[in-house]
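Below you'll find the structure, written out as structure tokens, and then a few comments.
Order of listing sets the numbers, starting from 1, for every ligand and every atom in it. Below, all heavy atoms of this structure are taken into account, side chains as well, without hydrogens, waters or symmetry copies. Position 1 is the first residue of the sequence, and the numbers go up from there.
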Amino acid sequence: MARPRWPTTAAGRSPRHRAASRAGAPEHRLGPRCRAPHEERGATVQDQDHRWLRWPTEPARRRIAFGADYNPEQWPPHVWDDDVRAMRAAGLNIVSLGIFSWARIQPGADVWDFTWLDEVMDLLHANSIAVDLATGTASPPHWLTTKHPEILPVDHEGRTVWPGARQHWRPTSPVFREHALRLVRAMAERYGRHPALVAWHVSNEFGCHNAYDYSDAAAAAFRDWLRARYRSTAALNRAWTTAVWSQRYSDWAEILPPRWTGAGSQPNPAQRLDFLRFSSDALREHLRAERDLLRELTPEVPVTTNFMVAASVRAVDYARWAGEVDFVANDHYVVPGPQGLDELSFSANLTGNLAGGRPWFLMEHSTSAVSWQPINVAKRPGELARDSLTHVAHGADAVCFFQWRQSAGGAEKYHSAMVPHAGTDTAVFRAVCELGATLRDLARVAGAHRTPARAAILFDWESWWAAEQDPRPSDRVRYRQEALDWYTAFLDLGIRADVTPLDADWERYDLVVAPLLHMVPGGLAARLTVYAIAGGHVVTTYCSGIVDEHDHVWLGGYPGALCDLLGIRIEEFAPLLDDERAELDNGTTGTVWSDRIDLTDPATEVLARYRTGEQAGRPAVTRRPTGSGSAAYVSTRLGAGGVAAILDELAGRAGVTSELPPELRGAVELAVRGPHRFLINRTDRPVDVSAVAGAATILGPRAVIVVR
Ligand code: GLA
Ligand code: GLA
């Protein structure tokens, strides 16, 4: 391996660097260095410190990072000059480089080729484009998997996940770890002092394709994880209720990941739940291993990895990951449909709260269509900017895309990019350039924290996992969709709400909605009760309060842990068939679920009753005043429209009101970062926002403005 060419002193830099860099500038930081990672649930992300990009030039100047994944290895070198010219024209100031470059950088076990990457790093730096440099470990090269097939994941049926796509590595493989860290070391030693380097990008989208590995390596790591959690097999037997179906373990060595047990066989749910927890933690161990080596070799360079806080992605418990990185980064892709923009806003909002309200990095989204949905819809005019600025409204200080130049071949050749197949003389590229100019104008926003709302939706990965795994009263229950419906209802009412992890400090909100809070670990019911007595207002829904952290049912009737707080009791689940509807007397309609509710506290009020169906005449929505607060229960799936009807009343009684004038509620989303108020047009028509933004201000269809 050749020696790195970028020594610490400016005098020793290559002429190209000396010309390009404004050397000796201090780092641009938002806070001190990250403290030791929090190990346990309950350590809130608000406690974490934060380090932002180490900009190579003009450190004091605020700016919003604007860029893309850049994959120059897909193109001949003469294209690279065109690339940087067009990047400059569009106003890019950062790229993520080397994400899938392992095979190019290390074509053989002891063969290294950095020359092309040296050239690209220098070229970018000479053009004032910073680099978020990947460790390159996301996709192992063929020589490695040929020599060491034992790094390949195995699915629950025992099938090997073969090379041919990407991310074919076991998170728990010691052999993979060793080779990955060797690459990390080589990258850090070579580029750690390169003046273009502003952050490390560890691997890529952890768990996108390798979240669940059932191999022997995973089995060994799972046993270690369980031993640390339970200490004795007796405790594990209790937690997993192994008295059912003769599943008792007498030795750790007998334990396996939840492998294929045959069709319709109903495997142990507590075992599966622990496997989900373990799988998220196993990926996190790999993140920590790469990060710790980077911190040892280049302590001054911040480290991140791109999360996937997005519609269907649920393998990683990001509430337990946010404290591991110097700053939070996220990838988001819009799901087409009526709630597409709401879902984007929901994900951005949650990402901002995972970051503790501090700025975060939008690492990837798309300029237009993706190439992995069943039907890949192009974005309509205005959507590229609106989607980007909605992320900024929720705290993003970086707007980056997958990818810079649309691939001519390979798996992603139909995925949109900043420079499409049709070239730079295109609507997409013009929209990219306009966005670059807009973000330059918005530099004043950079660094501003999110301003908390007065209402929050609590989001919990473990309730998501537990509510949607077998056995369950109905497989129609959808955790994230229910949470999103409540979010849409808040937007429709014009009431700002934060989406926040359950671990966060949610007592500061006046109203907290915990949809489908299926898992209530010991202590949480008491915390909610204390909150309500002290004046907080809690809202929860069907299928909540049912199990503890071991997936054991809270006995005595449903909603189990929350019966006393809610002042209700339910003896049997009453899910609805697909064609069943339950009309409520407030004009809304329930689907998916209903409950036969008995009131156990005379103080519990009935806000709506069932008008039709099996529960006709019985309570559908209840509210129990307690202390100076309250606890409400919604027993059926109302959808966003039905939720809004109830939420209007619940928010009103909690004293939580819209910050928008009546004519803008629903049409415009308001998001606030310090003195900056973002108005996002949720509609396809112009909206007169004069009341908020000053005389005669019309917000165009799908447009966003920032006012003070
Ligand atoms: C079968 C089995 C029982 C029980 C029931 C549940 O009959 O023999 O052990 O699982 O199904 O319906
Ligand atoms: C993910 C990956 C990228 C790319 C995009 C396409 O986010 O990280 O490499 O495949 O999806 O949408």
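Remark: ligand 2 atoms within the under-4.0 Å shell around heavy atoms of Trp372 are 6 (C), 12 (O). Close approach to Phe100 involves these atoms of ligand 2, each under 4.0 Å from a residue heavy atom: 9 (O). For ligand 2, the atoms lying closer than 4.0 Å to a non-hydrogen atom of Glu412 are 4 (C), 5 (C), 6 (C), 10 (O). When each atom of ligand 2 is checked for a heavy atom of Phe402 under 4.0 Å away, the hits are 3 (C), 4 (C), 5 (C), 6 (C), 9 (O). Of all atoms in ligand 2, listed by their number and element, those nearer than 4.0 Å to a heavy atom of Glu205 are 1 (C), 2 (C), 7 (O), 8 (O).
Only side-chain heavy atoms of Asn204 come within less than 4.0 Å of ligand 2; its backbone N, CA, C and O stay farther off.
Taking each heavy atom of Trp200 and Thr298 in turn, the nearest pair found is NE1-OG1, 2.9 Å. Scanning all heavy atoms of the two residues, the minimum distance from Ala90 to Phe66 falls at O-CE2, 3.3 Å.
Checked against a 3.5 angstrom limit, the closest N/O atoms of Arg166 and ligand 2 fall inside it. Some N or O of His415 is nearer than 3.5 Å to an N or O of ligand 2, by distance alone.
Checked against the 6.0 Å centroid criterion, the rings of His148 and His179 qualify as a close aromatic pair. Within the 6.0 Å centre-distance limit, the rings of His286 and Phe176 are counted as a close aromatic pair.
Residues Ser96 and Asp69 form a side-chain contact, since some pair of their non-hydrogen atoms from C-beta on lies under 4.5 Å apart. Residues Trp464 and Arg480 have side chains in contact (heavy-atom distance under 4.5 Å, counting atoms from C-beta outward).
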| query | What's the verdict on salt bridge (Lys or Arg N to Asp or Glu O under 4.0 Å) for Asp326 and Arg295, showing C-alpha distance, side-chain angles and the deciding distance? | reply | CA-CA 11 Å; Asp326 287 321; Arg295 284 185 177 166; 3.0 Å; yes

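The shortest heavy-atom distance from Met363 to ligand 2 is not under 4.0 Å.
Closest to atom 9 (O) of ligand 1, if we only count protein heavy atoms, is Trp245 NE1, 4.6 Å. Ranking protein heavy atoms by distance to atom 11 (O) of ligand 2, first place goes to Glu364 OE1, 3.7 Å.
A salt bridge links Arg314 with Glu468: at least one charged nitrogen is closer than 4.0 Å to a carboxylate oxygen.
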